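Report on the structure given below.
Owing to the predicted nature of the structure, the values given are computational and were not obtained by experimental measurement.
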Amino acid sequence: MSSACSYLIFETAGGPCGIAWSRTGVLRFQLPADDPETTRRLLMRRLPSAEPADPAPAIAEAVAMVRRYFAGEAVDFSGVPLDLAGQSPFFTAIYGAARRVAWGQTTTYGALARDLGAGPEAARDVGQAMAKNPVALIIPCHRVLAAGGKVGGFSAPGGAGSKLRMLALEGITFAPREPAQQTFGF
């Protein structure tokens, strides 16, 4: 990870987001939290030396894309430059595969593992990579589901509820769960 990095906290229709970058690209992205200060604190947790700054043109475009995304517009983040220095080669490959999952589409941890030529046991590694995703949304971990199309976990503020809201923005909804047992009225 680069030692010199900058950050910006900005408003979206989904709430305040944060982005941090180096000369190479985006280092971290913080999904909306309750307020700008919480967003800043969460973003800075792993980048304590980052300084606030006006974004370079590529970062300003990424910010504009995030705003459009949370306004409900289909956005393709696959061209946003990233700085994934310090990630393992396997996690970097997982993140590359996840970036190919387009707006309104989903995949599973196991399917991503298979796409990478790994066995079914690698689904757990994919899950770990998604949980540690430093640039959620730009690497669309919210589009990666558990086996059977179940929502699975989400490590961003709001947990699985945030994941469901992001998927709903993209037109993906899940039917309410049926009760495990029906009761009789007598």
| request: For side-chain contact (heavy atoms from CB on, under 4.5 Å), just list the numbers for Arg28 and Ile19, CA-CA rounded to whole Å, side-chain angles, deciding distance to a tenth of an Å, and then say yes or no. | output: CA-CA 6 Å; Arg28 293 204 66 79; Ile19 192 168; over 6 Å; no

| Taking only residues two or more places apart in sequence, or in another chain, which ones meet Asp34 in a side chain to side chain donor-acceptor pair (under 3.5 Å)? | none

| said: Show me the pairs that pass salt bridge (Lys or Arg N to Asp or Glu O under 4.0 Å) and involve residues 134-147, at least two apart or across chains. | reply: Arg143-Glu170

| request: For residues 11-35, pull every pair meeting ring-ring contact (aromatic ring centres under 6.0 Å, His included), keeping only residues two or more places apart or in separate chains. | output: none

| note | Leu82 and Thr24 have their tightest heavy-atom pair at O-CG2, 3.7 Å

| Nearest heavy-atom neighbours spanning Pro140 and Ala98 | CG-O, 3.3 Å

| query | Who pairs with Arg99 by salt bridge (Lys or Arg N to Asp or Glu O under 4.0 Å), at least two apart in sequence or on another chain? | reply | none

| query | Same cluster for Leu27 and Leu42 if Ile/Leu/Val/Met/Phe/Trp/Tyr side chains link at under 4.5 Å? | reply | no

| note | For residues 63-74, the salt bridge (Lys or Arg N to Asp or Glu O under 4.0 Å) pairs (sequence neighbours left out) are Glu61-Arg68, Arg68-Glu73

| field | Cluster check Val101, Leu31: I/L/V/M/F/W/Y, side chain < 4.5 angstrom | value | no

| said: Ignoring hydrogens, what is the shortest heavy-atom contact between Ala93 and Leu116? Give both atom names and the distance. | reply: O-CD2, 3.7 Å

| Nearest atoms (heavy-atom pairs only) where Pro81 meets Ala58 | CG-CB, 4.2 Å

| message | Quick check: closest heavy atoms across Cys17 and Val66, and the distance to 0.1 Å? | response | SG-CG1, 4.1 Å

| request: For Leu169, check side chain to side chain contact (heavy atoms under 4.5 Å, CB included) against everything at least two apart and list the hits. | output: Tyr69, Phe70

| Considering residues at least two apart in sequence or located in another chain, which fulfil the side chain to side chain donor-acceptor pair (under 3.5 Å) criterion with Thr38? | Asp35

| request: Output the rest of the hydrophobic cluster of Tyr7: all Ile, Leu, Val, Met, Phe, Trp and Tyr residues reachable through side-chain heavy-atom contacts under 4.5 Å, sorted by chain and number. | output: Ile9, Leu43, Met44

| field | Arg45 side, atom CZ; Arg40 side, atom CZ - distance, nearest 0.5 Å | value | 12.5 Å

| query | Hey, mind stepping through Val80 and Val26 against side-chain contact (heavy atoms from CB on, under 4.5 Å) and telling me if it holds? | reply | CA-CA 8 Å; Val80 173; Val26 178; 3.8 Å; yes

| Is the backbone of Pro16 close enough, under 3.5 Å, to the side chain of Thr39 for a donor and an acceptor to pair up by distance? | yes

| field | Atom pair NZ (Lys163) and OG1 (Thr106), whose distance is rounded to the nearest 0.5 Å | value | 9.5 Å

| task | List for me each residue that meets side chain to side chain donor-acceptor pair (under 3.5 Å) alongside Arg165, sequence neighbours excluded, and say none if there are none. | result | Ser162

| message | Hydrophobic clustering (ILVMFWY, side-chain heavy atoms < 4.5 Å, transitive) - are Tyr95 and Trp103 grouped together? | response | yes

| About how many Å separate OG of Ser88 and NZ of Lys132, when rounded to the nearest 0.5 Å? | 9.0 Å

| Which atoms form the tightest heavy-atom contact between His142 and Leu137, and what is the distance? | CE1-CD1, 3.9 Å

| Ser78: side chain to side chain donor-acceptor pair (under 3.5 Å) partners, not counting sequence neighbours | Asp76

| said: Measuring only between side-chain heavy atoms, which start at C-beta, is Leu164 closer than 4.5 Å to Val151? | reply: yes

| said: To the nearest 0.5 Å, what is the distance between CD1 on Ile94 and CD on Gln128? | reply: 9.0 Å

| Distance (rounded to the nearest 0.5 Å) between Ile139 CD1 and Arg100 CZ | 11.5 Å

| task | Can you measure from CG (Leu145) to OG1 (Thr108) and round to the nearest 0.5 angstrom? | result | 7.5 Å

| request: Any pair with a residue in residues 109-122 that passes salt bridge (Lys or Arg N to Asp or Glu O under 4.0 Å), sequence neighbours left out, goes on the list, sorted by first then second residue, please. | output: none

| task | Taking the side chain as every heavy atom from C-beta outward, state whether Pro36 and Glu11 have any pair of such atoms under 4.5 Å apart. | result | yes

| note | Residue set satisfying side chain to side chain contact (heavy atoms under 4.5 Å, CB included) with Ala123, at least two apart, ordered chain then number -> Tyr109

